[in-house]
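Heads up, the thing below is written out as structure tokens.
Both ligands and their constituent atoms are indexed starting at 1 by order of listing. Computed from a predicted structure; not experimentally measured.
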Amino acid sequence: MNPSYSVSPIGFVRSCFREKFAIPRQPQLAPAARGVLELVAPFDQGEAVQGLEQVSHVWLLFVFHQALEDKPRLKVRPPRLGGNQSMGVFATRATHRPNGIGQSVVKLEKVEAGRLWLSGIDLLDGTPVLDVKPYVPYADVVTGASNRMAAAAPALIPVQWNDAALMQAREHALRLDEPLVELIDQCLAQDPRPAYQVPAPERVYGAQFWDLDVRWHYPQAGLIRVLEVVPAR
Ligand code: SAM
């Protein structure tokens with residue numbers, strides 16, 4: 001029998017993303033996506049983060065806690081490939097994977113005892129974090145590395161705003177003290193819709209960012225219009 005190991009979270013992320021839909025598929029794609037890693041005892045002591053202020057980015061190892069499954073999958077259908085092509089699980093960064101472990105390089109904005117302030121995250125609110133490691137540019141940047149399946153960041157589509165929606169977003173940005181307009185722009189520009197769906201102009205899509213419901217539609221293919229930004233129900 002295979003040995004098994006138990007791990008436990010060193011903290012949990014409080015994130016702008018309150019549901020999976022519309023979270024960027026990788027970190028760094030939405031620099032305005034911010035959150036806080038709240039460390040739990042005994043890691044909430046200042047000693048655990050001493051020296052981290054010298055580091056611009058960190059690796060987070062975390063659990064895809066809302067995608068855990070009992071039966072391991074050998075093949076997955078990455079959204080990046082349109083959801084209709086399957087690939088070996090180890091060839092992808094899909095959330096459904098053995099042990100449900102994710103990894104992201106994120107920007108470290110501020111360090112406090114018990115709290116790491118992060119940006120450029122791709123993590124759902126409440127994500128359990130297993131470990132934090134400093135990004136080490138000389139070792140982690142691999143010159144000449146390639147990935148023919150994901151050669152470049154996803155193409156962006158234009159995002160337009162209704163006047164009322166933009167005013168709503170600006171007001172809530174002030175209240176939250178967050179770059180909300182930029183967050184919505186950056187996330188929607190990546191077109192969160194599964195690639196195989198053809199959007200009808202009358203169909204309204206929505207996702208929750210912070211405590212707000214954001215609703216948008218596609219007036220034509222390849223164009224998003226934000227319709228409203230209202231308190232989440
Ligand atoms: N950068 C990580 C990696 O490569 O392991 C995550 C990549 S995964 C493709 C990114 C997606 O994971 C996001 O778009 C979001 O929908 C999903 N996600 C983020 N946090 C999650 C969580 N705690 N549980 C389940 N899914 C999550």
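The heavy-atom pair separating F64 from A94 by the smallest distance is CE1-O, 4.2 Å. Shown here for A22 and W216, the closest heavy-atom pair between the two residues is CB-CH2, 4.4 Å. The two atoms that bring Y135 and V105 nearest to each other are CD1-CG1, 3.8 Å, heavy atoms only. P192 and R25 make their closest contact through O-NH2, 4.0 Å (heavy atoms, listed as atom of the first residue, atom of the second, distance).
Atom 26 (N) of ligand 1 has its closest protein heavy atom at K20 CD, 3.5 Å. Counting only heavy atoms of the protein, atom 27 (C) of ligand 1 lies nearest to F64 CD2, 3.7 Å.
Of the possible donor and acceptor atoms, none in the side chain of E228 sits under 3.5 Å from a partner among the backbone N and O of A165. Panel note: side chain Q208, backbone R18; no donor-acceptor pair is recorded below 3.5 Å.
Considering backbone and side-chain atoms together, I23 places an N or O closer than 3.5 Å to an N or O of ligand 1. For ligand 1, none of its N or O atoms has an N or O atom of T95 under 3.5 Å away.
Ligand-side atoms of ligand 1 in range of G102: 5 (O), range being under 4.0 angstrom from any heavy atom. For ligand 1, the atoms closer than 4.0 angstrom to any heavy atom of T127 are 20 (N), 22 (C), 23 (N). Heavy-atom proximity to H65, at under 4.0 Å, picks out these atoms of ligand 1: 22 (C), 23 (N), 24 (N). Residue P27 has at least one heavy-atom neighbour below 4.0 Å for each of these atoms of ligand 1: 1 (N). Atoms of ligand 1 lying under 4.0 Å from any heavy atom of Q66, numbered from 1 in the order shown and given with element: 24 (N), 25 (C). Of all the atoms in ligand 1, the ones that sit under 4.0 Å from a non-hydrogen atom of V63 are 23 (N).
Distances from atom 20 (N) of ligand 1 to the heavy atoms of L124, D125, V129 show the closest one on L124. Between the choices Q103, R97, R93, H96, the shortest heavy-atom distance to atom 8 (S) of ligand 1 belongs to R93.
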Walk me through whether R14 and E38 qualify under salt bridge (Lys or Arg N to Asp or Glu O under 4.0 Å).
CA-CA 7 Å; R14 262 202 300 118; E38 296 188 328; 2.9 Å; yes

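Under 4.0 angstrom from ligand 1, the non-hydrogen atoms of P24 all belong to its backbone. Contacts of R25 with ligand 1, taken as heavy-atom pairs under 4.0 Å, involve the backbone alone. The proximity of D122 to ligand 1, defined as any non-hydrogen pair under 4.0 Å, involves the side chain as well as the backbone.
Using a 4.5 Å cut-off on side-chain heavy atoms (C-beta onward), F62 and L37 make no contact.
For the pairing with L60, the side chain to side chain contact (heavy atoms under 4.5 Å, CB included) check across L118, L130, D131 returns one residue only, L118.
Ligand 1 lies out of reach of G126, whose nearest heavy atom is not under 4.0 Å from it.
A salt bridge links R175 with D211; the closest basic N to acidic carboxylate O contact falls under 4.0 Å.
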